[in-house]
Amino acid sequence: MTATPQDPSAPATPPAAGSEEAQQIRDAYAFEGGRIHLGAMLDGEEPDPSVPVNLAVSMLNRHGLIAGATGTGKTRTLQIIAEQAAHAGAAVFVADMKGDLSGIAVPGTASEKLTARAAARGQEWVSRAAPTEFYTLGGEGEGVPIRTTVSDFGPVLMAKVLELNETQESSLGLIFHYADSKGLALLDLKDLRALIQFLTSKEGKGELEGIGGISSATAGVILRSLTAFEASGADVFFGEPAFDTQQLLRTKDGAGIISCLELPGVATRPALFSTFMMWMLAELYQELPEVGDQPVPKLVFFFDEAHLLFKDASKAFLDQVVQTVRLIRSRGVGVFFITQTPKDIPSEVLAQLGNRVQHALRAFTPDDAKALKATAKTFPTSSHDLEEVIPALGTGAAIVTVMSEDGAPTPVAITAVRAPESSMEPAGAEVISGIVAASPLQAEYGTPVDRESAYEILQKRAAGAPEAGAADGAPAQQGRAAESEAEPAAKAKKKEEGMLDNPAVKSFLRSAGTVLGREISRSLFGTRKRR
């Protein structure tokens with residue numbers, strides 16, 4: 001929601017602020033363009049409605065951080081920025097980790113207490129919600145299913161979710177490279193397992209010798225990790241129809257659509273969640289054109305539980321995250337990381353986050369005190385002792401600094417955060433079901449497609465069933481007899497084609513709809529370029 005005269009819930013033009021600090025904050029946060037109202041400056045223990053604290057809509061693509069201890073108000077801050085960004089015309093992506101963000105699809109319920117709270121923060125509260133789509137990973141829970149193929153996901157992100165070391169990641173990259181160079185699409189985890197087993201079998205182990213090969217021990221580790229990953233239920237995310245991330249950029253009647261990803265039980269698969277989010281960013285980066293700074297970004301992406309992404313991440317992986325965050329800004333995408341302390345975010349990433357909202361941190365242990373001190377140092381110089389202020393903040397209060405419209409950080413403002421206009425209660429199963437049923441995306445993505453692929457074909461072959469592809473020419477026995485009579489040049493060509501001459505693989509190539517000889521090109525994180 002921008003702070004324009006036409007916006008019924010924007011703060012009214014305040015009278016002149018009293019103190020020198022209040023005047024400085026008021027001037028620093030009075031942006032000329034579209035504004036997101038975060039709240040009002042705290043004067044002692046009470047908010048001063050005459051000193052609004054805003055965030056420039058045009059600076060949302062300079063990224064941000066929302067941090068604070070559990071229960072201090074991070075989710076509500078996320079909600080107020082998300083709903084206002086959507087009303088300003090930017091599409092929004094949020095992940096509903098705990099099930100308490102779904103109310104963003106429902107107008108809030110008025111009450112005397114809420115109205116008084118809003119007025120104290122210079123907010124004329126209006127009950128409204130933005131258009132919302134609900135998604136789930138692979139159809140687990142209520143929402144439009146989001147899936148992708150193993151080929152699209154790529155080897156780098158796959159190695160992250162499988163928790164492979166550098167040697168194992170390199171071997172997995174070799175397997176993907178082989179599949180790409182032969183036009184061999186991998187649709188789901190069963191296909192990847194079937195290919196690994198084939199390439200380490202007596203029949204197929206020679207296929208990788210010319211480009212390094214993989215050891216049986218390394219292949220065994222990858223297969224065991226793959227099996228455990230499947231057993232956790234994560235396999236539902238991989239398959240078809242593959243989700244097009246362009247769907248996240250939709251608008252309706254001038255407002256951005258909020259894409260809310262419901263994540264039931266995600267705590268049991270944190271690696272999948274965080275890596276999936278990174279896949280989405282990588283996809284958006286490679287698919288979107290350069291647009292530079294815009295009055296309204298195309299998308300504001302909220303990356304909740306951000307510490308999960310960086311846990312045990314390799315340096316190469318972190319380098320790719322930094323590059324993506326740095327460059328995606330020019331594609332019109334802003335990324336907000338939500339976590340407990342800034343130290344959860346690598347310094348190279350933290351340096352890219354121009355907008356900061358820090359809720360309370362508690363210092364109960366020496367490690368807590370160290371984290372508090374480090375957090376205070378990430379903010380611009382202030383007349384306040386932030387090491388004293390941060391732990392003393394109440395629920396719904398925060399210290400704020402954002403990027404001004406000329407690209408400079410604003411002075412630190414101790415802020416009483418405004419109230420959301422959408423509901424702070426979960427939407428409820430009936431509301432979510434109704435929205436999902438009415439979604440035009442449900443018909444496109446709601447039903448999984450399981451085309452015949454490597455797993456099924458090689459299973460039939462192992463069971464002694466007739467090999468797929470025999471109908472394309474003479475039976476396999478006749479083919480072998482013909483080969484024995486072929487010219488030496490034909491034999492050499494046969495050997496060079498290797499796996500592609502295997503009837504089972506021929507059938508797989510047909511079923512996957514790929515083109516022989518067309519190598520898949522990959523971008524950041526090894527994700528597949530589709531355009």
Side-chain angles (χ1 to χ4, degrees), residues 1-14 25-40 52-66 76-94 104 121-124 126 128-132 248-259 284 288 291-303 325 328-338 352-357 398 400-410 413 415 417-422:
M1 174 182 58
T2 57
T4 63
Q6 293 76 28
D7 190 336
S9 65
T13 301
I25 296 300
R26 183 189 174 206
D27 292 345
Y29 288 85
F31 305 119
E32 294 182 1
R35 291 166 289 179
I36 286 174
H37 181 226
L38 297 177
V53 177
N54 300 310
L55 168 59
V57 172
S58 62
M59 291 291 107
L60 286 169
N61 71 329
R62 301 305 175 95
H63 310 317
L65 174 71
I66 302 172
R76 295 302 155 229
T77 297
L78 185 163
Q79 187 172 352
I80 67 165
I81 296 175
E83 64 184 13
Q84 291 182 80
H87 289 305
V92 172
F93 176 89
V94 299
I104 206 166
R121 287 154 177 77
Q123 173 190 4
E124 185 177 343
V126 175
R128 61 174 176 172
T132 305
L248 302 179
L249 306 178
R250 295 156 58 224
T251 60
K252 181 179 180 181
D253 299 328
I257 292 178
I258 296 178
S259 298
L284 288 165
L288 293 175
V291 295
D293 293 332
Q294 300 286 303
V296 178
K298 290 184 177 181
L299 176 70
V300 184
F301 192 102
F302 291 90
F303 206 128
V325 172
I328 202 169
R329 185 186 83 187
S330 64
R331 264 69 170 173
V333 177
V335 183
F336 278 70
F337 292 89
I338 298 90
Q352 304 296 318
L353 311 182
N355 304 300
R356 310 279 184 90
V357 180
V400 174
T401 181
V402 300
M403 294 296 286
S404 66
E405 290 168 309
D406 61 4
T410 57
T415 306
V417 179
R418 65 177 272 161
E421 297 175 335
S422 52

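Along the sequence shown, residues are numbered consecutively beginning with 1.
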Test your reading of the model: is there a side-chain donor-acceptor pair from [X] to the backbone of [Y], 3.5 Å cut-off?
X: Arg76; Y: Pro420; value: no
X: His63; Y: Val335; value: yes
X: Thr410; Y: Val402; value: yes
X: Asn61; Y: Gln294; value: no

Write down the atom of [X], the atom of [Y], and the distance for their closest heavy-atom approach.
X: Arg121; Y: Val417; value: NE-O, 3.0 Å
X: Val92; Y: Ala82; value: CG2-O, 3.6 Å
X: Ala398; Y: Val357; value: CB-CG1, 3.7 Å
X: Pro131; Y: Ala255; value: CD-CB, 4.2 Å
X: Phe336; Y: Leu65; value: CD2-N, 4.2 Å
X: Leu248; Y: Ser259; value: CD2-OG, 3.5 Å

Side chain proximity check, [X] to [Y], heavy atoms < 4.5 angstrom:
X: Gln123; Y: Glu421; value: yes
X: Ile36; Y: Leu60; value: yes
X: Leu249; Y: Leu288; value: yes
X: Phe31; Y: Val57; value: no
X: Ile328; Y: Phe301; value: no

Between [atom1] of [X] and [atom2] of [Y], what distance do you get to the nearest 0.5 Å?
X: Ser404; Y: Asn54; atom1: OG; atom2: CG; result: 13.0 Å
X: Ile81; Y: Ile66; atom1: CD1; atom2: CD1; result: 4.0 Å
X: Glu83; Y: Leu78; atom1: CD; atom2: CG; result: 10.5 Å
X: Ile104; Y: Gln79; atom1: CD1; atom2: CD; result: 5.0 Å
X: Tyr29; Y: Thr415; atom1: OH; atom2: OG1; result: 6.5 Å

Taking atom types as modelled, is there a side-chain donor on Ser58 or Glu405 under 3.5 Å from an acceptor on the other?
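Not at all, the side chains of Ser58 and Glu405 share no donor-acceptor pair under 3.5 Å.
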Side chain to side chain donor-acceptor pair (under 3.5 Å): which pairs involve residues 248-257, sequence neighbours left out?
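Every pair satisfying side chain to side chain donor-acceptor pair (under 3.5 Å) with a residue in residues 248-257: Glu133-Arg250.
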Go through the structure and list residues passing side-chain hydrogen bond (donor to acceptor under 3.5 Å, both in side chains) with Arg62, not counting sequence neighbours.
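Only Asp293 meet the side-chain hydrogen bond (donor to acceptor under 3.5 Å, both in side chains) criterion with Arg62.
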With sequence neighbours excluded, what pairs up with Arg329 under the salt bridge (Lys or Arg N to Asp or Glu O under 4.0 Å) test?
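Expected list: none.
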